[in-house]
Number of protein chains: 2
Amino acid sequence: MRDRILKAATHLFAKQGFDGTSLSEIASAVEIKKPSLLYHFRSKAELRVAVLASMLDHFKAVLPELLAAAASQEQLASVLRALVGFFRADRDRARLLLREALDRPEELRGLVHEHVTPWVRMVEERIRQGQADGSIHAHADPAAYCVHAIQLVVGGLASADSLGVLLDDDPEAAEARLTEELLRMLHRGLYRPGAEGERPPGGE
Amino acid sequence: MRDRILKAATHLFAKQGFDGTSLSEIASAVEIKKPSLLYHFRSKAELRVAVLASMLDHFKAVLPELLAAAASQEQLASVLRALVGFFRADRDRARLLLREALDRPEELRGLVHEHVTPWVRMVEERIRQGQADGSIHAHADPAAYCVHAIQLVVGGLASADSLGVLLDDDPEAAEARLTEELLRMLHRGLYRPGAEGERPPGGE
DNA sequence: CCTACCGATCGGTAGG
DNA sequence: CCTACCGATCGGTAGG
């Protein structure tokens, strides 16, 4: 039951926000009453923390894959693919993260510093190597680039519903085009043309 | 008084969300009582619509500048600068827009279609011209590129507080670096090197 | 896991 | 612009 509650809460918090979701609403989604829910989670605040922690656990599960991609001689595109894959597997994740960024920036800052910084540092290092061997633009700001890449993946998936209309295409096709263009942009923004191992992800 | 209420509501909605802000809170911010507030705006929903409309009015005021930049032979970078300028002038705008994207995607879709589509179409046209004369990468998806550019500007400013820690710099310096790298990335993601008029915004 | 209930606060109204 | 007040709903507790 605990897992069912977590899942329902994750979905509702992502969709309506923490303040826009009542405990009764979550309880009724898993077919129990509010006091029963409060037996599993002592307070709404505790439930919120648990929802975040469960998403973080899922993230940690794909971390090894991410780090391996960043450390190996593979393209950075594979790191991005892993990241996109994580958020596309469950759209609630992107929405939830964005809401936290808006509602509790200080708190998210701590989580980012603790869980995201390590692998971003590795990616930064890869970028600097690329700059040293001339395959990556010398004026790129590695850390700032990573911030924008994350922003693009997380924010793009969370707000695709609204901004997608600009593509004038059916939702599925729009998402496919957006993802492809995202990978292309991020590749072009980093790699110098003609340099070694710079095949763009979409094939160009 | 109406304007004072609007300003306070804009700030609080941006900071805490619509559901996370009470009418009493807004009223006390402008030193009146809740019933007095409800004389100026008949309901909380009406206040929300008015807040959005006032932001849209400000946006319309810079639209001519934006369209002129898009239509002229100037670089697309100037359009981006105008866009970044609009959101940097008041950070609440980015936060508010992102919240609407999360809370009421269908409604924002309508606003985007009505107010954003026209000038995006112009930018798209400029991109296609660039592709025709070879200055812009042939495989770029003009519409998808615009979506990501908007996403980057709006989302980046709204979530800079959380993601900024990755830069390990003081807030001001971090924001400056982020903006510069954003313009560099968007430029590199579009223009082919060596082509006419492709000076990058930051100077490279 | 439930029913019954708590005080607090919500958006909104009456009436001046 | 205010005081006084409304019903509804909120998060949470008691007690079984």
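With DNA chain D read from its 5' end, the first of the two nearest nucleotides for A:Ser22 and B:Lys34 is the one closest to B:Lys34.
Between A:Glu31 atom CD and C:dC2 atom P there is a gap of 10 Å when expressed in whole angstrom units. Rounded to a whole Å, the NZ atom of B:Lys33 is 13 Å from the C1' atom of D:dA4. Following rounding to the nearest Å, B:Leu12 (CG) and C:dC10 (P) show an atom-to-atom distance of 12 Å. The distance from atom CE of B:Met1 to atom C1' of D:dC2 is 13 Å, rounded to the nearest whole Å. Between the CG atom of A:Leu37 and the P atom of C:dC2 there is a distance of 10 Å, rounded to whole Å.
Contact annotation: A:Lys44 side-chain N/O to D:dG11 OP1/OP2 distance is under 4.0 Å. For D:dC2, the OP1/OP2 oxygens have a side-chain nitrogen or oxygen of B:Ser36 closer than 4.0 Å.
Distances from the side chain of A:Ile32 to the nucleotides C:dC1, D:dC1, D:dC10 place C:dC1 closest. When distances are taken from the side chain of A:Pro35 to each of C:dA4, D:dG12, C:dT13, the shortest belongs to C:dA4. Residue B:Ser24 has its side chain nearest to C:dC10 when only C:dT13, C:dC10, D:dC2 are considered. Side-chain proximity of A:Ser43 to C:dT13, C:dT3, D:dG12: nearest is D:dG12.
Summarising the base pairing, D:dT9 is matched to C:dA8 through a Watson-Crick or G-U wobble pair whose two defining distances lie under 3.5 Å. Base pairing annotation: D:dG15 forms a Watson-Crick or G-U wobble pair with C:dC2, both donor-acceptor distances under 3.5 Å.
We find that B:Asp103 and A:Arg99 are joined by a salt bridge, their nearest charged nitrogen and carboxylate oxygen being less than 4.0 Å apart. Between B:Arg128 and B:Glu124, at least one side-chain N (NZ, or NE/NH1/NH2) sits under 4.0 Å from a carboxylate O, which counts as a salt bridge.
Of all the heavy atoms in A:Ala138 and A:Gln131, the pair that sits closest is O-NE2, 3.3 Å.
Put simply, NE2 on B:His40 and CG on B:Leu47 are 11.5 Å apart, with the number rounded to the nearest 0.5 Å.
A:Leu23 comes within 4.0 angstrom of sugar-phosphate atoms only, judged by non-hydrogen atoms across all strands, and of no base.
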